[in-house]
Amino acid sequence: MFVTRLISGILLVIIALATILAGGGVLAVTLCLISLIAYRELTKACNIHTEGKKWNALELAGTVLTVAYYAMLLMTLYYGMENGDGVQTVYPVVMIAVVAGLILFLFIYVFAFPRYQAPQVMAAMFSWLYAPVLLSFIYLIREGFSYGNYLVWFVFLCSWGSDTCAYAVGVLIGRHKMTPKLSPKKSIEGAVGGVLGAALLCMLYVYFAVNRYTDAALPLPIAALLGAAGALVSMIGDLAASAIKRDHDIKDYGRLIPGHGGIMDRFDSVIIAAPLIFIGLVMIGSVTGAYL
């Protein structure tokens, strides 16, 4: 089991490296596919899926919305970067997509009534915002900032990096359970180690990579703060995904990734860290004047 998990983890890292370094359409298509799978996993976990049917209207709506949303982002950022507008161009697109999504789900609720209950419709909207929309912030960071090819790695340092640090510290000195009913193996000591570890990783990354090979000039204390905040939020994402599984009495979201489960099992922390890093970078650029 450990070997299978390790091999899968290495392959995931290689795929992440390849697609993020490529950027552009390659990254957009990859994230779109990941988002579609994650949305499908959530619809099944949250009892949106109709047994005996391959697809229902709510699942189909989320699928169409996801493809359309990523296509809009791809075109908007392509022309935005060409005109020098960058990340500023995506704000209206994200807002339009969210509002359009809500209207579409309400449309289905009303005209298919009483086929779908209110909790199913709300869960469908939540699932779409939770996975496809929040995952898209990886693409927004990578393509929306001038040095996005460097800045996007903050997401993974804060999620997968902090998770590794938290595990190591928890195994070594973990004594006090953080959420015993939700995740009995996670400790307060491990959580602190994960936050501090992510802060240190982000500082080192900024010192040896970002500030050395770009003109971003990110202050190290701010990099540490961004890493700590990202790590803290990523832990919430991990626990939130676990809470959904506990609520619906399932072990894993899927079996796509051997040793890890489904997309939601592996990307639960990344999903929440990405928008936080995006917001943090926008605020840093605005407050400090750093060229990002």
- Could you tell me whether a side-chain N or O of Glu143 sits under 3.5 Å from a main-chain N or O of Leu77, the two making a donor and an acceptor? no
- Query: With sequence neighbours excluded, what pairs up with Tyr130 under the ring-ring contact (aromatic ring centres under 6.0 Å, His included) test?
  - Reply: Phe126
- More than 12 foreign heavy atoms under 6.0 Å from CZ of Arg115: is that the case here? no
- Task: State whether the side chain of Asn56 and the backbone N or O of Ile48 hold a donor-acceptor pair below 3.5 Å, judged by distance alone.
- Result: yes
- Task: Provide the full list of ring pair (Phe, Tyr, Trp, His ring centres under 6.0 Å) pairs with a residue in residues 222-243, sequence neighbours left out, each pair given once.
- Result: none
- Note, Leu65 side chain near Pro132 side chain (heavy atom, < 4.5 Å): no
- Query: At their closest point, which heavy atom of Asn149 faces which heavy atom of Ser146, and how far apart are they?
  - Reply: OD1-O, 4.4 Å
- Message: Between Thr214 and Leu292, is there a side-chain heavy-atom distance shorter than 4.5 Å?
- Response: no
- Pairs flagged by side-chain hydrogen bond (donor to acceptor under 3.5 Å, both in side chains) wherever residues 21-35 is involved - sequence neighbours left out: Ser35-Tyr70
- Message: Given 3.5 Å as the limit, does a donor-acceptor pair link the side chain of Ser234 with the main chain of Ala273, or not?
- Response: no
- Item | All pairs passing side-chain hydrogen bond (donor to acceptor under 3.5 Å, both in side chains) where residues 195-211 contributes a residue, at least two apart | none
- Between Leu21 and Val26, is there a shared hydrophobic cluster once you connect ILVMFWY residues whose side-chain heavy atoms come closer than 4.5 Å? no
- Heavy atoms, side chains only, cut-off 4.5 Å: are Leu102 and Met125 in contact? yes
- Return the minimal non-hydrogen interatomic distance between Ser159 and Val270, and the atom names on each side. OG-CG2, 3.3 Å
- Query: Do Ser136 and Tyr69 have side-chain atoms, one donor and one acceptor, less than 3.5 Å apart?
  - Reply: yes
- Message: Would you say that Val121 contacts Ile108 through its side chain, given a criterion of any heavy-atom pair below 4.5 Å between the two side chains?
- Response: no
- pair Val233-Ile277: side-chain heavy atoms closer than 4.5 Å: no
- Return the minimal non-hydrogen interatomic distance between Ala45 and Ile250, and the atom names on each side. CB-CD1, 3.6 Å
- Message: For Asp247, is the CG atom crowded, meaning more than 12 foreign heavy atoms sit under 6.0 Å from it?
- Response: yes
- Do Ile14 and Leu33 belong together in a cluster built from hydrophobic side chains that touch within less than 4.5 Å? no
- Message: Using the rule given for side-chain contact (heavy atoms from CB on, under 4.5 Å), can you reason through Ile138 versus Val152, listing the C-alpha separation, both sets of side-chain angles and the distance that settles it, and then say yes or no?
- Response: CA-CA 7 Å; Ile138 295 175; Val152 70; 3.9 Å; yes
- To the nearest 0.5 Å, tell me how far Leu58 CG sits from Leu104 CG. 9.0 Å
- How about Trp128 and Leu42: do any of their side-chain heavy atoms sit closer than 4.5 Å? no
- Answer with yes or no whether the hydrophobic clustering places Val133 together with Leu27; edges join I, L, V, M, F, W, Y residues whose side-chain heavy atoms lie under 4.5 Å apart. yes
- Message: When you measure from the side chain of Glu189 to the backbone of Arg175, do you find a donor-acceptor pair of N or O atoms at a distance under 3.5 Å?
- Response: yes
- Residues Ile141 and Ala274: closest non-hydrogen pair is CD1-O, 3.6 Å
- Task: Start with the C-alpha gap between Cys165 and Leu201, add the side-chain angles, then the distance that decides, and say whether side-chain contact (heavy atoms from CB on, under 4.5 Å) holds.
- Result: CA-CA 10 Å; Cys165 292; Leu201 287 172; 4.3 Å; yes
- Taking atom CZ of Phe107 as the centre, report whether more than 12 heavy atoms of other residues, nucleotides or ligands fall under 6.0 Å from it. no
- Task: To the nearest 0.5 Å, tell me how far Leu172 CG sits from Tyr167 OH.
- Result: 10.0 Å
- Task: Please confirm whether the backbone N or O of Tyr253 pairs with a side-chain atom of Asp265, one donor and one acceptor, at under 3.5 Å?
- Result: yes
- When rounded to the nearest 0.5 angstrom, what is the spacing between CG in Leu140 and CG in Leu281? 11.5 Å
- Task: Determine which pairs satisfy ring pair (Phe, Tyr, Trp, His ring centres under 6.0 Å) with at least one residue from residues 262-292, sequence neighbours left out, and list them in order.
- Result: Phe137-Phe278, Phe145-Phe278, Tyr147-Tyr291, Trp160-Phe267
- Task: Would you check if Leu239 and Thr179 make a side-chain contact, meaning some heavy-atom pair closer than 4.5 Å?
- Result: yes
- Only counting residues at least two apart or in another chain, list the ones meeting side chain to side chain contact (heavy atoms under 4.5 Å, CB included) with Leu74. Ala28, Tyr139
- Message: Please check: side-chain N/O of Thr76 versus main-chain N/O of Leu73, any donor-acceptor pairing under 3.5 Å?
- Response: no
- Using the benzene-type ring in the case of Trp, are the ring centres of Tyr109 and Phe105 under 6.0 Å apart? no
- Identify the two heavy atoms, one from Ala228 and one from Val195, that lie closest to each other, and give their separation to 0.1 Å. CB-CG1, 3.6 Å
- Correct closest heavy-atom pair for Ala38 and Ala131 would be CB-CB, 3.7 Å
- Query: So, Glu59 and Arg40, do they make that salt bridge, N to O below 4.0 Å?
  - Reply: yes
- Query: Under a single-linkage definition using a 4.5 Å side-chain heavy-atom cutoff for Ile, Leu, Val, Met, Phe, Trp and Tyr, are Leu204 and Val155 assigned to the same hydrophobic cluster?
  - Reply: yes
- Looking at side-chain heavy atoms only, is the closest gap between Thr19 and Leu31 below 4.5 Å? no
